[in-house]
There are 2 protein chains.
Amino acid sequence: MMATIKQISELSGVSRGTVDRVLNGRGHVSPEKERLVRSIAEQVGYTPNRAGKALAARKKSYSICVLLASEGNPFFSEVIRGVREAERELHDYGVKVVLRTLKGYDVSAQVSAMEELGKDASALILNPINDPAVAEKINALSDRGVQVYTVNTDIGDCRRLCYVGSDYFEGGRIACGMLGLLTGGVANVGILTGSVHILGHKQRIDGFLDVMYSKYPRFRFLSIMETEDDDMIGFESTRKMLTDFPEIDTIFLAAAGVYGACRAVQSFLPGRKLHIVSFDHIPQTGELMQAGLIHATICQQPFAQGYEAVKLAFNSLMSGAPPQEQQYIVKNEIRILENL
Amino acid sequence: MMATIKQISELSGVSRGTVDRVLNGRGHVSPEKERLVRSIAEQVGYTPNRAGKALAARKKSYSICVLLASEGNPFFSEVIRGVREAERELHDYGVKVVLRTLKGYDVSAQVSAMEELGKDASALILNPINDPAVAEKINALSDRGVQVYTVNTDIGDCRRLCYVGSDYFEGGRIACGMLGLLTGGVANVGILTGSVHILGHKQRIDGFLDVMYSKYPRFRFLSIMETEDDDMIGFESTRKMLTDFPEIDTIFLAAAGVYGACRAVQSFLPGRKLHIVSFDHIPQTGELMQAGLIHATICQQPFAQGYEAVKLAFNSLMSGAPPQEQQYIVKNEIRILENL
DNA sequence: TTGTATGCGTTATCAT
DNA sequence: ATGATAACGCATACAA
């Protein structure tokens, strides 16, 4: 049976209150008693009991705020499901979860939403725009005692406690590995990314090229274009790419705009069998795979991203200590038609 | 803020004890009060608080026993890690986890270990041998009030509460889907299974053939042999298969014995590039992939199997109600060299 | 049948 | 600085 504060107090002959003060570093304890209690706690291997903690913490009622850009992106509906599931589980512990979504990627909108939510939040979870103003606001909130976590995308040069999301570089490596297997190692490759300026997208390209250059000498990289994460632009970019490089037989879809790109392939190269690998699972992914356009897609566990981010924040609030790791990396999952 | 028993008792003007009796169906309550309490509880949407429950339950100290066959199977080391992790998390709730491993698949050994562990267990988790004697013992324990769960492999015709493990049929389907992609849909296929008598192995074959017959008309299924989950036997079976059917260019490794089979391919068809898909992640999987022998392997989340089985048993013990679902199915994960 | 009291482990408050 | 005590939500032994 686990050691408790009560047992420690009995063993050391001091009151429970004093043991609590020592173990939680609240001060106002004489050095001798402090040493005594610490040594006894050490001996019996004391670990705080989560159920007791939770019960006592109910009076305080933490609030965890989640700020997600953007609305209308189907990827995030799964993230939100994860947030909700974590909320459900944490309900017992008196934790309030506040979700706020934003449309589009507007820096000032994000910053002001952060300010507003930060007013009364114990922790803030967001997918930050990679902009100095956002980093600055993160630091400001952190100084005010709000624990900040990033989810899905990270941001540098700031005091966020932990990033919860995928390893984009690895995702790109996997995409290339899959295309290597699908093509037998011989391919004329076109890449469609969201934006070369978005860090995650760039990292996927880097990962892809890393494997390509080291493992697939017979891959020829012909063209890269942007979709701006938009189906219409994706369609147009793909059309242009296929016109400029008709020999392309392999496409790496590193970001959103997947449906538009696939429609372009279907329209301008009907009957031609390209090899296509995409990212994430959008509503059209199933039919595109069924149609044999996309052969594999790589998912980044959106549900787990939302779920784990909230739980990480909660655990950190409960224990008083920040997370052990600076990153919580979710898996990149390879999906084909049979396990979509 | 969540409603509590105390609040319900105040709202309905009865004592906390009576509310408890109603909500937990302990009887000895007058019909009027019962109705009253139920309606109020309904209105406020009462849900028992897990932390409070856990704290109160500490006096009882449940014990969850885990019985795993077999020793020396690297697959199960991850399952055990999952069990240990769950144990760590549940330590706070006064739950004791007892792990017992067995060597090999001996029915009478398993049955007698079940009997022994069942003596003082609130729940028993095991990977059952598919034998009537085991099913019978499961029922006997169930009658004695021990909740029984199956993990990794299931068994029919008995009162186990829930199966935690993978969908073998789906795993087989995925394997065929991957080989379809790798081969471009044209292949001469040989299958190596563990034993045609082991349910999971058979289901994988069925899943494989399901996809093959419906989707890959140009797959030719030439031969199936057994490895008995053993590398030496796998080597020999593969050798014989490749001798009898030299045109085989694609191999589906549905069970253990993977290393032996691959060594046989390497020895007898040096330089030939076969397409091979296997299951699980054994210590040699990495090097076999590196060598280009195995192209993909399908994993069944062994850690999650151990972890979730224990947590399921715990939740069920805590809530007093059996699990909602009869099955907790973990994902089949496609792994290639880049995400192994 | 119904109500009351106590304890689980932790934390906060109030005395001393 | 230290100790005693109540409270969190639930379960239960005991009293009425």
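Excluded from the calculations below are hydrogen atoms, water molecules and symmetry mates; all remaining heavy atoms, backbone and side chain alike, are included. Everything numeric in this text was worked out from a predicted model, so none of it was measured.
The six-membered or imidazole ring of B:Y328 lies away from that of B:Y163, with a centre-to-centre distance of 6.0 Å or more.
When rounded to the nearest whole Å, the span between CG of B:N49 and P of D:dA7 equals 18 Å. Whole-Å rounding puts the B:E10 CD to D:dC8 P distance at 9 Å. Note: CG (A:L55) to P (C:dG9) measures 12 Å, nearest angstrom. For the pair B:M318 CE and C:dC8 P, the computed distance is 16 Å after rounding to whole Å. Rounded to whole Å, the distance from CD1 on A:I5 to C1' on D:dT2 is 15 Å. To the nearest angstrom, P of D:dC8 lies 10 Å from CZ of A:R58. Rounded to an integer number of Å, the gap from CZ of A:R50 to C1' of D:dG9 is 17 Å.
A salt bridge links B:D154 to B:R160: at least one charged side-chain nitrogen sits closer than 4.0 Å to a carboxylate oxygen. The existence of a salt bridge linking A:R159 and A:D143 is confirmed by a sub-4.0 Å separation between a basic side-chain nitrogen and an acidic carboxylate oxygen. The pair A:K311-A:E308 does not count as a salt bridge, with every side-chain nitrogen at least 4.0 angstrom from each carboxylate oxygen.
Sequence order on DNA chain D of the closest nucleotides to A:V14 and B:R16 puts A:V14 first from the 5' end. When each of A:K59 and A:K6 is assigned the nucleotide of DNA chain C bearing its nearest heavy atom, the one mapping closer to the 5' terminus is A:K6.
Counting non-hydrogen atoms under 4.0 angstrom, B:Y93 reaches nothing in the nucleic acid. At the heavy-atom level, A:K53 lies under 4.0 Å from the strands shown only through sugar-phosphate atoms.
A donor and an acceptor atom, one from each side chain of B:N152 and B:Q305, are located under 3.5 Å apart.
Distances shorter than 4.0 Å separate some side-chain N or O of B:K60 from OP1 or OP2 on D:dT12. The side chain of A:T18 places no N or O atom within less than 4.0 Å of a non-bridging phosphate oxygen (OP1 or OP2) of D:dT2.
Checked against side chain to side chain contact (heavy atoms under 4.5 Å, CB included), B:E85 has the following partners two or more places apart in sequence or in another chain: B:R88, B:E89, B:F303, B:Y307.
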Exercise answer: donor-acceptor pairs, residues 33-41 of chain A side-chain atoms, under 3.5 Å, sequence neighbours excluded:
| from | atom 1 | to | atom 2 | distance (Å) |
| --- | --- | --- | --- | --- |
| A:E34 | OE2 | A:R38 | NE | 2.8 |
| A:E34 | OE2 | A:R38 | NH2 | 2.9 |
| A:R38 | NH2 | A:V22 | O | 3.3 |
| A:S39 | OG | A:L36 | O | 3.3 |

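Here the side chain of A:S15 is nearest to one of D:dT2, D:dC10, C:dT10, namely D:dT2.
A heavy atom closer than 4.0 Å to some atom of DNA chain D occurs in A:R21, A:H28, A:V29, A:S30, A:K33, these being the qualifying members of residues 20-41 of chain A.
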